Structures are given as C-alpha cells and as structure tokens.
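The next block holds one structure in the form of structure tokens; read it before the comments.
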There are 2 protein chains.
Amino acid sequence: MTDSVKSRREQILDTASTLFSERGYHATSMRDLAGELGMQGGSLYAHISGKEELLIEIVNRASRQFDTALFSLRDVPLPPGEKLREAMRRHVQVVADNMESATVFFHEWKHLSPSAYARVTGWRDSIDAFYRELITQGIDAGAFRRDLDPKMTAYLVLSAVNWAYTWYRPGGLLGPGDVADTFADMLLRGLEVSA
Amino acid sequence: MTDSVKSRREQILDTASTLFSERGYHATSMRDLAGELGMQGGSLYAHISGKEELLIEIVNRASRQFDTALFSLRDVPLPPGEKLREAMRRHVQVVADNMESATVFFHEWKHLSPSAYARVTGWRDSIDAFYRELITQGIDAGAFRRDLDPKMTAYLVLSAVNWAYTWYRPGGLLGPGDVADTFADMLLRGLEVSA
DNA sequence: CCTACCGATCGGTAGG
DNA sequence: CCTACCGATCGGTAGG
C-alpha cells in the first residue's frame, strides 16, 4: 500500500467483505462481486487466484487485527481489572472497525479448506488462552474472586465482546470504547447491589 | 407426531438442521440432503415444497422453543436475581438441546425471504424486550444497581447465553444448567473481589 | 479487463 | 420414491 489510492485488489477485498457479510460466502457469486466493481466475472482472476483466496485473506486480516490489538497488552503493567477492561476496549474496537470482516470471520470460517480451517481454530485457542491468562493473573493477584473458573470466565468475556458483531452499529450513541467500558463495569462489579 | 416413529418429513428437517449447521444453507444442496437420507434429490419434493421451507421451519421451531421457555417465566414470582438466573438456565438449555438448529438460526436467518426475515427480526426484538423488562424490574425492586442501562445489560446477558452455541458441547463436564449458573454467578456478583 | 466458453452443479418438475 | 430432464447459474479459463 505505497499508493494513496487503494489497489484494485484491495477494492476487491473490501467489496468481498461487504457481500460475504451480507449474503454469506456461498451465496455470493464471483459475478455479483465483479458487477459491484463494474467489471466482468472473468476479469477478477487477473487480480486474485480464486474465490477462496478472498475468504482466506479476509479471515487472516481480521485475526491479525485481533492479535495486534491484544497480544501487545500482555506485558503492559496494569491492575488486573484495568487490564481486562483495556483488552475488552481493544477487542470491541477491532470488531467495530471491521464489522463486515468480523461478520465474515465469525460466520464463514467453517467454509475454509482444511489447512486454513486449522489455522483459525488454532488462532481461536490462542485468544482463549490470552483471556484465561489474564483472568488467572487477576485471581493470583487477589483482585478477582478465587472461585472463578478461568475458562468459563474467558468464555463470558469473549461472549460479550464478540457478540457485539450482531448488534453494534457504528455511529450510534455509544462508541466502541463506551460499549466495552459498560460491559467491563457490569462484569467487574456485578449487576446486583452489594449486600 | 402421533407416531412413535418420526415421519419422513421430520427426518428431513433433522438432517437439514445437521447439514445446514455444518455447511451452511447455501452450501448444502438438495442432493446432499437427499443422499444423507438414502433417496434421490427429486424425491424430497414429495414431502416438502422447497428448500426455503426447510430453513423457515427450522428457524420457526427454534424461536418457538425460546418463546415457550422464556415467556412462561414472565409471571413467575421470583426475586430479580433468581429470575434472571432461571431465564439464563432456560435459555442455555434451549441452545444446548438444539445446538444444530440454534446454529442455523443464528447464521442463516439472513438468507430468509423478506417476510420470514421480518418475522425473525421482530422475534429478536421481543426477546430483547423480555430481558430488558426483567432488568428494569430488578432495578425498580432495588435488587440491581440503579446505574445499569437495561438495554446494554440485556445485550450482555444475551451475549453470554447465545454465544454458547459456538463453544458448548453436550456431554461435557458442565451441563447447560451448570453453564447458566456459572454465568449468572459471575454476572450478578461480579468478577472483582468486593472492596 | 472483455468475450466467449468450459464442465459441473444447482433447485425444481413431469411422469410414472 | 425413482428416472430423466429443465433452464439457470456456478467457479474458472483461453485467448485476445
């Protein structure tokens, strides 16, 4: 991306994200995609090798965004509660900034061929591990309840930040940071009035 | 279902749930479906009117299960925390008992034709409303924090119980009730050690 | 980037 | 429930 103008390939990927997220991978034809870009179906193959390459690229970029946002947080010294909050802020930010790719990511990765499929499940495990680690550190530090199950706690946090792809609409009253903060407040302090 | 044996139509719907959840609606051909049932593609049309009828029926049945489980709880007199817990138990139970239909429901409803599509969005709103109502009652009763936003709180609860379709595996250590209880404990009491 | 085309496969139907 | 078939559309390629 040395150009200020997006390359044709980038345009194809952007449009593919939009169409795949709206209609699904299999329900989007290469002719649909080409038409949206003002070209003929066959012309796409001057820029890409095939349909699956588009899906792989979209999914890879999305997972790389999560990686960059989250893993750099590992060595940041913050109290556990603040660290979890910051992770959630970054996580929701990635979802919000990439609503379409995120939707494709969550819905269409099952349609990848075995090797790309395996990479995604491996990636998913690494994200689970990141959050479990964060929870365990918080328990060990005495900040989080000792009776928490790190695995289930990680699932709960991931539910909150991932599910946002189904309802969040950019440009609304709440920005991604507000959403993450609201969720973090509720999760950390609980819904019930303290006894 | 006066028969103890499932009708051919029921078998078709069951198999369609499995295939649609594994491969997606559009990536499942009617010949795939027929083959799984030991028949020819054209033979399906003696039992159903078309492919979309299958999707509509799967989605309708799933939403009816949620309705039955949740709305009957409206008039049950329980403390707000226990009522939310019970709603989550029932919600996760429906997801766990119908992992395949639930997956189809969450992933494929976008592919419905306009009228069926509108019914699903309407249904989704009614589930949102159910949880918001429950939260609001809890706030008014003084059981939940006054600073909660019922809308965001409902999203958080729904995230937890819905996202289970991506990771829950029946037959594991935790039953659906355990999952819901663990989530409810964390949500109600919070992750942090009380100050 | 287009035209023209490939074989394969799609959902669905007719007639039995 | 099967055989045989319909028109439409699919992802992708050849040659320019």
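All of these numbers come straight from a predicted model, not from anything done at the bench. Letters A, B, ... are given to chains in the order of the sequence lines, protein chains preceding strands, and every chain is numbered from 1.
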Residues A:Asp32 and A:Arg23 bridged, charged N to O under 4.0 Å = yes
Between atom [atom1] in [X] and atom [atom2] in [N], what is the gap in whole Å?
X	N	atom1	atom2	value
A:Lys51	D:dT13	NZ	P	14 Å
A:Leu44	D:dC10	CG	C1'	14 Å
A:Leu33	D:dT9	CG	C1'	16 Å
B:Leu19	C:dG11	CG	P	12 Å
A:Tyr45	C:dA4	OH	C1'	16 Å
A:Arg9	C:dC1	CZ	P	14 Å
A:Glu52	D:dG11	CD	P	13 Å
B:His47	C:dG12	NE2	P	16 Å

Using purine N1 to pyrimidine N3 plus N6-O4 or O6-N4 for Watson-Crick, or N1-O2 and O6-N3 for G-U wobble, both under 3.5 Å, which nucleotide pairs with C:dG7?
-> D:dC10
What is the base-pairing partner of D:dC2, counting Watson-Crick and G-U wobble geometry with both distances under 3.5 Å?
-> C:dG15
When the aromatic ring centroids of [X] and [Y] are compared, is their separation below 6.0 Å?
X	Y	value
B:His107	B:Tyr165	yes
A:His91	A:Tyr131	yes
B:Phe106	A:Trp163	yes

Should A:Ser29 be listed as having a side-chain N or O under 4.0 Å from OP1 or OP2 of D:dT9?
-> no
Between A:Met39 and A:Arg31, which is nearer to the 5' end of DNA chain C once each is assigned its nearest nucleotide?
->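 Comparing both residues, the 5'-ward one is A:Met39.
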From B:Ile135 atom CD1 to A:Leu191 atom CG, the distance as rounded to the nearest 0.5 Å = 6.0 Å
Selected nucleotide, minimal atom distance to B:Gln40 side chain, candidates D:dC10, D:dC2, C:dT3 =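 Minimum distance to the B:Gln40 side chain belongs to D:dC2.
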Give one of base, sugar-phosphate or nothing for A:His26, where a contact means two heavy atoms less than 4.0 Å apart.
-> nothing
At under 4.0 Å between heavy atoms, what does A:Gly41 touch on the DNA or RNA strands: base, sugar-phosphate, or nothing?
-> nothing
